[in-house]
Protein chains: 2
Amino acid sequence: MKARKAEPPPCTEVCMPVILSTPEPLPLAMNTIICTVDVILLTLLHDSLQVALLRRDHEPFAGVLALPGGYIHPDQDGDTQAAAVRVLRDKTGIVSPYLEQLATFSGRGRDPRGWSLSICYYALVPPEVIEAAGHPEVVLVPADGIAGLPFDHQQIVAAALERVRNKSSYSSLPVYLCGETFTLPRLQAVYETLLGEPLNKVSFRRKIEEFDILEPIEGALETGKAHRPAQLYRLKARYRNRLSLTDRGLSTG
Amino acid sequence: MKARKAEPPPCTEVCMPVILSTPEPLPLAMNTIICTVDVILLTLLHDSLQVALLRRDHEPFAGVLALPGGYIHPDQDGDTQAAAVRVLRDKTGIVSPYLEQLATFSGRGRDPRGWSLSICYYALVPPEVIEAAGHPEVVLVPADGIAGLPFDHQQIVAAALERVRNKSSYSSLPVYLCGETFTLPRLQAVYETLLGEPLNKVSFRRKIEEFDILEPIEGALETGKAHRPAQLYRLKARYRNRLSLTDRGLSTG
DNA sequence: CCTGCTTAGTTGCAAAAATAAACTAAGTTG
DNA sequence: CAACTTAGTTTATTTTTGCAACTAAGCAGG
């Protein structure tokens, strides 16, 4: 099977091919599928989960806030994950250490241009990463009660929130919303914001201990507060790009 | 957008098309993406999880056992889920009450024809449904230690198994592997096969009770065994097409 | 520089849940 | 009708969880 760089246009009826080496005819209908990726970039700001949106450059919905997304470029992208990384980097300047496939959304109605599908990925970053990227056109909007999004982006965001909240109840996912270093009370507050309920301090610390993904930073304490300073922690090196699971939840009751 | 019934073979280098009427300037790169769906149809036979495979009709890998799959037909399929339903029905005669999106697999290397993506769905059915469909070309193969599959179907099956096993540890998913009616000991055996470990009888029954998805069939007991007969159960009507979750696992230890 | 305030982090205990084992129930087989 | 086998329940033990009280350690203010 040889790879061709130039794409000859498909034959029409009057075309009489001389060399016939393609075993299977690709259905023409395939050409009408619009293939894109979208990224749900989430961060925690002012104690609420925020989604990063961008104003659309082009029609349809030019000027409307929407999820960062774009066409898959088979010539550039090794796969759809790579496409998502590229789109996110090009449109926001951000490279997220945590980027996971959410689901594929598809159908005739979701894009006015025609039958489309979008492979969606969600990313979690601390707000500093978004600021540091220096793309002021990135708009953060509270994730709950979000409205007015084009296409089916509303549903996509809802699915991402459900996934993140569910995963937060049994995994270490929320650490990706914290910066490089953080205290346990801070991490607990992040979990509580995501889960929408207070957590028991002892149980929470037991669970995090069980995950075995954090290490205290020798002698580093949080400064500047008028009370006992808290120990600073960071992700253990081998977990900087993964997440840890348990079979039991974190939630009270 | 006109639909043509005959598919002329694609041109090769020596083919000089005379009529060129492509109307839309969709980005060229898009046209090179092969869009398919694949279905991982699982069942439980002889106390082991089996995957349904079919011999491929066409190149590439003609004659090789592979997952049932096919092109998305935007003119027929409302979305990719509908495409998966259609493909499964057309190729195996089966309509599964449980069909869920697994993930999308993509990239340059997975299909020798070029850059492709496949939105994969997994389905669970009792073996009777496969038999009743009367497509003898459907081959059941033990899911573990499966080998020799074309494309990246090996990875896809592995991902489906991981998903099903994981989901079995906290949901009622396995009921879809049982028939219309079944006993609790039978259901427990199904869970144990999937999870690969024995479960505590009392804990198991508590958990199923908690799911609140089953109802005993009045006066219906399993017959024909040389011991105390077990109560027959069925899914409550409102759950015939869904599944129930809890936050706690089923597994021992 | 001592007292009080606030939050960090730990300890011990009580309540709840999960597990194991033992027991009763109800059929078939010989 | 006794023996056997599995269904289903009860009881006891262990494990896990959640609460509350406690100690620790900083700062602020007099």
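The analysis underlying the following values was restricted to heavy atoms, covering all of them including side chains, and did not include hydrogens, waters or symmetry mates. Lettering of chains follows the sequences in order, A, B, ..., and the numbering in each one begins at 1.
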- Message: Can you tell me if B:Glu209 has over 12 outside heavy atoms packed within less than 6.0 Å of its CD?
- Response: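 No, not enclosed.
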- Query: For A:Glu137, does the CD atom have more than 12 heavy-atom neighbours from other residues, nucleotides or ligands under 6.0 Å away?
  - Reply: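 Yes, because the 6.0 Å sphere around CD of A:Glu137 holds more than 12 heavy atoms from other groups.
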- Message: Taking 4.0 Å as the cut-off, does a side-chain nitrogen or oxygen of B:Ser203 come that near to OP1 or OP2 on C:dA18?
- Response: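 Answer no for this pair, as no side-chain N or O of B:Ser203 is under 4.0 Å from OP1 or OP2.
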Whole-Å distance separating the [atom1] atom of [X] from the [atom2] atom of [N]:
X: A:Gln188; N: C:dT7; atom1: CD; atom2: C1'; value: 12 Å
X: A:Leu187; N: C:dA8; atom1: CG; atom2: C1'; value: 15 Å
X: B:Leu184; N: D:dT6; atom1: CG; atom2: C1'; value: 13 Å

- Task: Look at the side chain of A:Gln231 and the backbone N and O of A:Ala220, then say whether any donor-acceptor pair between them is shorter than 3.5 Å.
- Result: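 Answer holds: yes.
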- Give the nucleotide from the list D:dT17, C:dA20, C:dG9 with an atom nearest to the side chain of B:Asn200.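 In terms of side-chain proximity for B:Asn200, the closest of D:dT17, C:dA20, C:dG9 is C:dA20.
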- Of the nucleotides C:dG9, D:dG8, C:dA8, which has the atom closest to the A:His227 side chain?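 Given the options C:dG9, D:dG8, C:dA8, the side chain of A:His227 is closest to C:dA8.
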- Message: With ring-ring contact (aromatic ring centres under 6.0 Å, His included) as the test, pick out the partner of A:Tyr191 among A:Phe182, A:Phe204, A:Tyr170.
- Response: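 Answer to the ring-ring contact (aromatic ring centres under 6.0 Å, His included) test with A:Tyr191 among A:Phe182, A:Phe204, A:Tyr170: A:Phe204.
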- Polar side-chain contact B:Arg228-C:dA26 base: donor and acceptor under 3.5 Å: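 Side chain to base: no pair present.
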- Task: Return the 5'-most residue of the pair B:Pro229, A:Val202 with respect to DNA chain C, ranking by each residue's nearest nucleotide.
- Result: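 Mapping each residue to its closest nucleotide by heavy atoms, the 5'-most match is A:Val202.
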- Query: For A:Lys201, which contact category applies under a 4.0 Å heavy-atom criterion: base, sugar-phosphate, or nothing?
  - Reply: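 Base: the residue A:Lys201, judged by heavy atoms under 4.0 Å, touches a nucleobase.
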- Most 5' of A:Ala226 and A:Arg206 on DNA chain D, judged by nearest nucleotide: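 Its nearest nucleotide lies further toward 5', so the answer is A:Arg206.
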